[in-house]
Visitor: 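To start, I am sharing the structure in question, which I have written as structure tokens.
Below, read A as the first sequence line, B as the second, and so on, with proteins coming before strands; counting in each chain starts at 1. None of the values given here were measured: they were computed from a predicted structure.
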2 protein chains.
Amino acid sequence: MGQHGQEQGRPDTRTRIQDAATELFRRNGYSGTGLKRIAAEADAPFGSIYHFFPGGKQQLTEETIRTAGAAYGRMVLALLDTVADPVESVAHAFEAAADDLEATGYADACPIAAVALEVASTNETLRVATADIFTEWVGAGEQWFARWVPDPGAARSLAHSLIMILEGAFMLSRATRDREPLRAAGQSMAVLLRSAIEQPGRPS
Amino acid sequence: MGQHGQEQGRPDTRTRIQDAATELFRRNGYSGTGLKRIAAEADAPFGSIYHFFPGGKQQLTEETIRTAGAAYGRMVLALLDTVADPVESVAHAFEAAADDLEATGYADACPIAAVALEVASTNETLRVATADIFTEWVGAGEQWFARWVPDPGAARSLAHSLIMILEGAFMLSRATRDREPLRAAGQSMAVLLRSAIEQPGRPS
DNA sequence: GTCTATAGGTAGATAGAC
DNA sequence: GTCTATCTACCTATAGAC
């Protein structure tokens, strides 16, 4: 159920539009997703999009980036806290990501990645929105790694690396329809974290 | 100069169209790039696109993915061979990538990344083209790492990780307009490679 | 406030002059 | 084989009925 979903039953129209937009942007990107298609998937009349998002496609996209991006970050963090040992937890998180990806026919990965690459050089408002989300994720990841890696710079570098290698692994796994990239990504992150824990003096 | 460029002077029309398409797809993605814009940037008449690429936008895009993708792989490999020590070489390659990215206003990164995310769930022909290129890169990277890492599985995992963390770093650096993600990526790859060289028995 | 119809513009694709 | 004019379909956005 969406963020602003009603207590029970079907989410309200605005929420359905945002949820449908999130799924379509994730699969088809920004330019590849039409507002008519969003309205159809949300089972909402076309005019409702401009009723709830008077700023049009850009406003809807910005809210989608910020809402879905923040939710995705929380989901990954929660996933990392289901296993006690940090190295095992990281490896487990990538396996879970591979399970999800495979279960959705290699469609549902990061909700903002495709849009981020499309707008980075073409739409400053949306570019800043994606940058804010990535920055938020790095900060949250840095705090998580800081529990086991005392050096702040090392924790920050690990957070960057986790996000980057996950995004890259999603790209390769979606393109090749193969779990192997995600598995290799999880192994590498496990090595990096173990190295940072065992050898605090060396750069990571 | 483009792959089929003439011996001297201006490249031929077909090459100019492909080169323009490569740059536009890299910056704006597949759906975000119109054929009229490609013709304009190539300084070619619109009809020439269908003269040289009778299959239309999809054929032009597929050829662009395969040509620019293979060239980009060769370029990165060549960059890795400019420094003798492998760990230093990897770190140097990411610094060079950051220099290039910054010099182009955070626009010119991987030529197929944006298209790959857009078509992965929407266009099977183009999805396969991106998968073929990624697979080609992994194979080439595997051979490069095998020079210093005897275990084939470890070399393959390192190749996957290099490509994935580079793609992820491009995504974050373009979005945030900051070199830091690319720098962190280079440091992490250096740690991974050093770990694989020094501890051949552990997974990498 | 929900929804339909449509305007204005641009997309990919094609026909045909030269 | 180079180039222009145009077709149909779809896009975002808006006007206005209910």
Visitor: What nucleic acid atoms does Ser31(A) come within less than 4.0 Å of, heavy atoms only: base, sugar-phosphate, or nothing?
Guide: nothing

Visitor: Measuring from atom CE of Met189(B) to atom CE of Met164(B), what distance do you get when rounded to the nearest 0.5 angstrom?
Guide: 9.0 Å

Visitor: Distance check needed: dG1(D) P versus Arg16(B) CZ, whole Å only.
Guide: 16 Å

Visitor: Would you say a side-chain N or O of His51(B) is under 4.0 Å from OP1 or OP2 of dG1(D)?
Guide: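 For dG1(D), OP1/OP2 do not have a side-chain N/O of His51(B) under 4.0 Å.
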
Visitor: Measure the distance from CG on Leu24(B) to C1' on dA11(C) and round it to the nearest whole Å.
Guide: 15 Å

Visitor: Under 30°, 30 to 60°, or over 60°: which ring-plane class applies to Phe46(B) and Tyr50(B), parallel, tilted or perpendicular?
Guide: tilted

Visitor: Rounded to the Å, how far apart are Asp12(A) CG and dG1(C) P?
Guide: 14 Å

Visitor: Could you tell me whether the side chain of Thr33(A) and the main chain of Leu24(A) form a donor-acceptor pair under 3.5 Å?
Guide: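 At least one qualifying donor-acceptor pair exists.
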
Visitor: Please write out the pairs of protein N or O atoms and N or O atoms of nucleotides 13-15 of chain C separated by less than 3.5 Å, giving the distance to one decimal.
Guide:
unit_1	atom_1	unit_2	atom_2	d
dA13(C)	OP2	Tyr50(B)	OH	2.7
dA13(C)	OP2	Lys57(B)	N	3.0
dA13(C)	O5'	Tyr50(B)	OH	3.0

Visitor: Passes salt bridge (charged side-chain N to carboxylate O under 4.0 Å, His left out), Arg183(A) versus Glu180(A)? Steps please.
Guide: CA-CA 5 Å; Arg183(A) 188 180 306 121; Glu180(A) 188 186 4; over 6 Å; no

Visitor: Distance check needed: dT12(D) C1' versus Asn123(A) CG, whole Å only.
Guide: 14 Å

Visitor: Could you tell me how far apart Ile49(A) (CD1) and dT2(C) (C1') are, to the nearest whole angstrom?
Guide: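 Taking CD1 of Ile49(A) and C1' of dT2(C), I get 13 Å after rounding.
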
Visitor: With nearest nucleotide decided by heavy atoms, which residue, Arg37(B) or Phe52(A), maps closer to the 5′ end of DNA chain C?
Guide: Phe52(A)

Visitor: Quick one, Gln58(A) with Glu62(A), criterion side chain to side chain donor-acceptor pair (under 3.5 Å). Give me CA distance, side-chain angles, the key distance, then yes/no.
Guide: CA-CA 6 Å; Gln58(A) 176 170 300; Glu62(A) 181 174 5; 5.3 Å; no

Visitor: Using atom CZ of Arg14(A) as one end and atom P of dG1(C) as the other, report the distance to the nearest whole Å.
Guide: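 Rounded to the whole Å, the gap is 14 Å.
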
Visitor: Rounded to the nearest angstrom, tell me the gap between atom CZ in Phe53(B) and atom P in dG12(C).
Guide: 15 Å

Visitor: Given 3.5 Å as the limit, does a donor-acceptor pair link the side chain of Thr67(B) with the main chain of Thr64(B), or not?
Guide: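 No; judged by distance alone, with no hydrogens or angles, the pair does not exist.
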
